[in-house]
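Computed from a predicted structure; not experimentally measured. So you know, we letter chains A, B, ... as the sequences are listed, proteins then strands, and number each from 1.
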Amino acid sequence: MIRTMIVEVIVDVAAYPIDRPFDYIVPEAFQTTIERGIRVKVPFGRRKVVGYVTNIKNESELALSKLRPIEELIDIEPVLSEEQLMLSRWLATETLAYQIDALQVMLPAAMRAKYDKFIVVQDSEKIQDENFQRLLAGRKRIPLSAINDAGLFRILKSYVAEEIVTVDTAVQQQVDVKKVRTIHIEEKEKLLQVKETIQQNAIRQIELIDWLIEHAGQSVQAKQIFEATGIQSNVLKTMIERGAAQETYEEVYREPTSPELQDVPIPEKLTDEQDQALHPIRQAIMDDRHETFLLHGITGSGKTEVYLQAITKVLEKGQEAIVLVPEISLTPQMTARFKARFGQLVAVLHSALSAGEKYDEWRKIHRGEVKVVVGARSAIFAPFENIGIIILDEEHESTYKQEESPRYHARDVAIKRSEYYKCPVLLGSATPSLESYARASKDVYTLLTLKNRAKSQQLPEVEVVDMRQQLKSGNRSMFSIPLAEAIRERLERNEQSVLFLNRRGFSSFVLCRDCGTTVECPNCDISLTYHRAHELLKCHYCGHEERVPTVCPQCESEHIRFFGTGTQKVEEEIAKIFPDARVIRMDVDTTRRKGAHERLLRQFSEGKADILLGTQMIAKGLDFPNITLVGVLAADTTLHLADFRAAEKTFQLMTQVSGRAGRHELPGEVYIQTYSPEHYAIELAKEQHYEPFYQMEMQSRRQFGYPPFYFFTLIQFSHEDVLKVSDFANRGTTFLRGNLSSNTVIIGPTAAAISRVNNRYRYQCLIKYKKEPKLTETLQQLIRMYRTDWIKSGLIMTVDVDPMSIF
DNA sequence: AGCACGCCGACT
DNA sequence: GTCGGCGTGCTC
């Protein structure tokens, strides 16, 4: 029976009026194959685009004559499951993103379509222009870009007008399945027959047939034959033509080479505490019950082992597990441990993988060839269909929030997915985010606690050094006397030290000592950062670069010099004080290259350096037995940021960093240098006293009406024209004031902390609320005004629900 | 977002 | 008189 079959398709066009399903007719040929979650190629206006089938039905609100047919199925099987389709709808609503963005974020980047334009000659007899003819060289279809390059655009246009030539958009997959040429060798008998037909003087052919006879009946890669025999491809070709073998192209996975750090001994006996924490998690797994656990375990308390054993349980049940880590390349030791435990069942989604490699890992997951995924934020969308547990390690990390559309938090997605699969979520941290701990306190989450280090090592001895005292007693170096002394001791004892410099303090800027001018970015409202390696000043916001000035651009004084402390400068100072110390520096400059991170860490673990000097990136995951000293050079730099999470971040960082020392037999020592030693974030981090810190910080959050007492939504406006941006910010804020409930606090519009970036002026407006039922609806209206009207005048507006910072 | 249609200024 | 500027409107 023939029936009209209609599908709803979300097309790959991110624009406001397009952000809804479009109906298409399914040609009969596709009717048995088409499913929800399949990608299709459809005509859209005058072009062809990729779309996602989100629904199948047999009638449309539109007249049938208005519908156009689907042109092609891109997939045979759905690339998105029913659950993922639902998840994408939820994601789009929650984060106020386009549905297409919410769909695409679930797939590897390589699956995003690329569009190429071609010109197609309809009537080659009518092409009169010689240059055009020469370019075509008899072809009927060439890339449009070739026309542009040859400067024949005008002629093309006239041909298009006369319909001699048409323009065609082609949808392209960025990467294909990698295929390897495989040779299936015939049986010996057949090969001997073939050998008879070879002429005596065809030495190469005889050589090859003899090799093939030795490997009769096998299937080998062509590459292996070439390597083993040294013969050329054409000889093999002849042999195939003579019937000695058959060739096929077989699908293979690209083998990403993962860093092999030292193996971690397999099963570990749990401590009583770990066992107690594991118990309720296992119970939830066995009961098929959704429950969110917050595992609060001090550094070195063995959270990872709890994860591993929970996953073991999940695998026994025949289910799958997702493990999120903040930044995969920073935790090679952790991933190595998962690989050691679960071997081939683990897929690791590195940020360093190529697009093709990521695609291959995605396919392994999709096909069910692996059962455990370890990866950063986007791995939360891993295409499993029977999830048994989702784990977020270091759940407080801000990298779990995506800073572009869709602006989702992996924790929220984890909970949403686990509700669907009726499985537990495990949030682990030594320093939980206030939000999560508050939820645990209110029994929204189940709190599990590990108070002791797993190998019952002592927590490191932490000393807070008051740098004001150092300054008073005449020490103007960036190393306090106690820290310098401690480093000296380690060098003598052949133990290792880690020196940590907060990222924000990493910038060093240029200041004129006569007039006080700092050299600022011409496009942004921020000082330029000095980069020693290329003797350049760079802007970290827009990428502007310039030469270091020799005189002050304001007063032409020569007394212009660098201020602030960068890793490079620290490295130089170490070289001065400890000329024999071997230093490995890890920062954005030294780890830019692929694999550099792992290489530097390996060198350090092999004892090829005495001091590891680095930024933020060395704060987590480092676990080497010989580290007995950790130094924080300037703890204040994160503390005084104009951010409501500044204290929380500082506490977390200090605790994380301290946790790097003395994790094994040797006891550890930590020095925290600061100008504000009395600050509770620093005082309490010293003893890893999370609970008192939580209480103090909650008090201050309540007082100022910050999260978790209030929810935030941040609206940012930017425009080249300072007057226009303030005007739109005003209009937007007024609209919100008029439409949100009276209990909701709306702050702004105010100029952003960095009031200009890339020559665009920035304003913002902050919405604070406890309960705001009209929020989504009101924001949608605001976005509609922006996208249908304001956007035309060059305004950029972004809406961030639950922002990580309110800069 | 693209892409085409359509209505007014500076050039062959 | 035409080329081309970008305002407006639509895409199943």
Side-chain angles (χ1 to χ4, degrees), chain A residues 3-28 30-31 34 36-74 85 89 92 96-105 109 112-120 129 143-145 147-148 151-172 404-406 720 724 783-798:
Chain A
R3 236 174 136 183
T4 45
M5 192 190 243
I6 293 161
V7 285
E8 289 181 7
V9 173
I10 303 284
V11 294
D12 179 16
V13 178
Y16 187 70
I18 315 300
D19 188 32
R20 61 188 176 84
F22 283 79
D23 289 353
Y24 285 88
I25 290 177
V26 183
E28 215 179 313
F30 301 147
Q31 290 192 358
I34 202 155
R36 294 210 280 217
I38 271 185
R39 290 175 301 163
V40 288
K41 188 169 134 190
V42 291
F44 192 71
R46 206 153 289 239
R47 23 182 204 149
K48 274 148 200 143
V49 295
V50 169
Y52 296 78
V53 176
T54 55
N55 214 358
I56 302 180
K57 55 189 185 181
N58 39 44
E59 45 194 32
S60 172
E61 287 179 14
L62 268 84
L64 223 55
S65 58
K66 285 215 153 194
L67 303 189
R68 298 168 77 182
I70 281 179
E71 191 160 299
E72 196 178 292
L73 300 189
I74 299 177
L85 290 175
R89 242 168 281 138
L96 298 135
Y98 290 123
Q99 284 185 49
I100 187 68
D101 284 343
L103 287 166
Q104 307 225 89
V105 77
R112 251 160 258 175
K114 258 176 65 183
Y115 298 94
D116 289 315
K117 286 189 192 162
F118 289 88
I119 65 150
V120 184
D129 186 90
L144 180 66
S145 55
I147 303 284
N148 281 325
L152 297 170
F153 201 79
R154 285 181 56 150
I155 297 157
L156 173 71
K157 223 177 156 182
S158 63
Y159 285 152
V160 169
E162 293 172 66
E163 294 180 352
I164 299 168
V165 168
T166 54
V167 177
D168 181 37
T169 46
V171 176
Q172 257 203 351
E404 66 219 40
S405 177
E720 286 179 5
K724 283 212 171 113
I783 289 173
R784 197 178 72 209
M785 292 193 291
Y786 159 64
R787 285 179 180 157
T788 53
D789 189 15
W790 300 355
I791 196 169
K792 289 180 202 145
S793 59
L795 179 80
I796 295 177
M797 185 185 91
T798 59

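For DNA chain B, the stems formed by at least three consecutive Watson-Crick or G-U pairs, with both atom-pair distances below 3.5 Å, span B:1-11 with C:1-11.
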Output a table of nitrogen or oxygen pairs between the protein and nucleotides 5-8 of chain C separated by less than 3.5 Å.
none

Would you tabulate the nitrogen or oxygen pairs shorter than 3.5 Å linking the protein to nucleotides 10-12 of chain C?
unit_1	atom_1	unit_2	atom_2	d
C:dT11	O3'	A:Gly45	N	3.0
C:dC12	OP1	A:Tyr24	OH	3.3
C:dC12	OP1	A:Pro43	O	3.2
C:dC12	OP2	A:Arg68	NH1	2.6
C:dC12	O3'	A:Asp23	O	2.6
C:dC12	O3'	A:Arg68	N	2.7
C:dC12	O2	A:Asp23	N	2.6
C:dC12	N4	A:Arg20	NH1	3.4
C:dC12	N4	A:Arg20	NH2	2.9

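How far CZ of A:Phe30 is from CG of A:Leu73: 4.5 Å, rounded to the nearest 0.5 Å. In this structure, A:Ile6 CD1 and A:Leu67 CG are separated by 5.5 Å, a value rounded to the nearest 0.5 Å. The distance from the OG1 atom of A:Thr54 to the CD1 atom of A:Ile38 is 13.0 Å, given to the nearest 0.5 Å.
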Could you pull out every donor-acceptor pair under 3.5 Å between side chains of residues 7-24 of chain A and any protein atom, sequence neighbours left out?
unit_1	atom_1	unit_2	atom_2	d
A:Glu8	OE2	A:Lys57	NZ	2.8
A:Asp12	OD1	A:Gln104	NE2	3.3
A:Asp12	OD2	A:Tyr115	OH	2.8
A:Asp19	OD1	A:Gln99	N	2.8
A:Arg20	NE	A:Pro17	O	3.4
A:Asp23	OD1	A:Lys57	NZ	3.2
A:Asp23	OD2	A:Lys57	NZ	3.2
A:Asp23	OD2	A:Ser60	OG	2.7
A:Tyr24	OH	A:Pro43	O	2.8

Could you list the donor-acceptor pairs under 3.5 angstrom formed between side-chain atoms of residues 789-797 of chain A and any protein atom two or more places apart in sequence or on another chain?
unit_1	atom_1	unit_2	atom_2	d
A:Lys792	NZ	A:Thr788	O	3.0
A:Ser793	OG	A:Trp790	O	2.8

Check your understanding: Does the pair A:Val40 and A:Ile34 meet the rule for a side-chain contact (heavy atoms from CB on, under 4.5 Å), with working shown?
Key -> CA-CA 9 Å; A:Val40 288; A:Ile34 202 155; 4.2 Å; yes
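Applying the side-chain contact (heavy atoms from CB on, under 4.5 Å) rule to A:Pro69 yields the partners A:Pro27; only residues at least two apart in sequence or on another chain are considered. Taking the salt bridge (Lys or Arg N to Asp or Glu O under 4.0 Å) definition, one finds that A:Glu71 meets it with A:Lys41, sequence neighbours left out. Contacts of A:Lys48 classified as salt bridge (Lys or Arg N to Asp or Glu O under 4.0 Å), with partners at least two apart in sequence or in another chain: A:Asp168. In terms of the salt bridge (Lys or Arg N to Asp or Glu O under 4.0 Å) criterion, residue partners of A:Arg36 (sequence neighbours excluded) are, by chain and number, A:Glu82. Remark: A:Tyr98 pairs with A:Arg787 by the side-chain hydrogen bond (donor to acceptor under 3.5 Å, both in side chains) rule, at least two apart or across chains.
Bounding nucleotides for the chain A contact on DNA chain B, 5' to 3', at a heavy-atom distance below 4.0 Å, are B:dA1 to B:dA4.
Closest approach of A:Gly37 to A:Leu85, counting heavy atoms only: N-CD1, 3.8 Å.
The nearest heavy atom of DNA chain B to A:Arg46 and to A:Tyr98 marks one nucleotide each, and the one closer to the 5' end goes with A:Tyr98.
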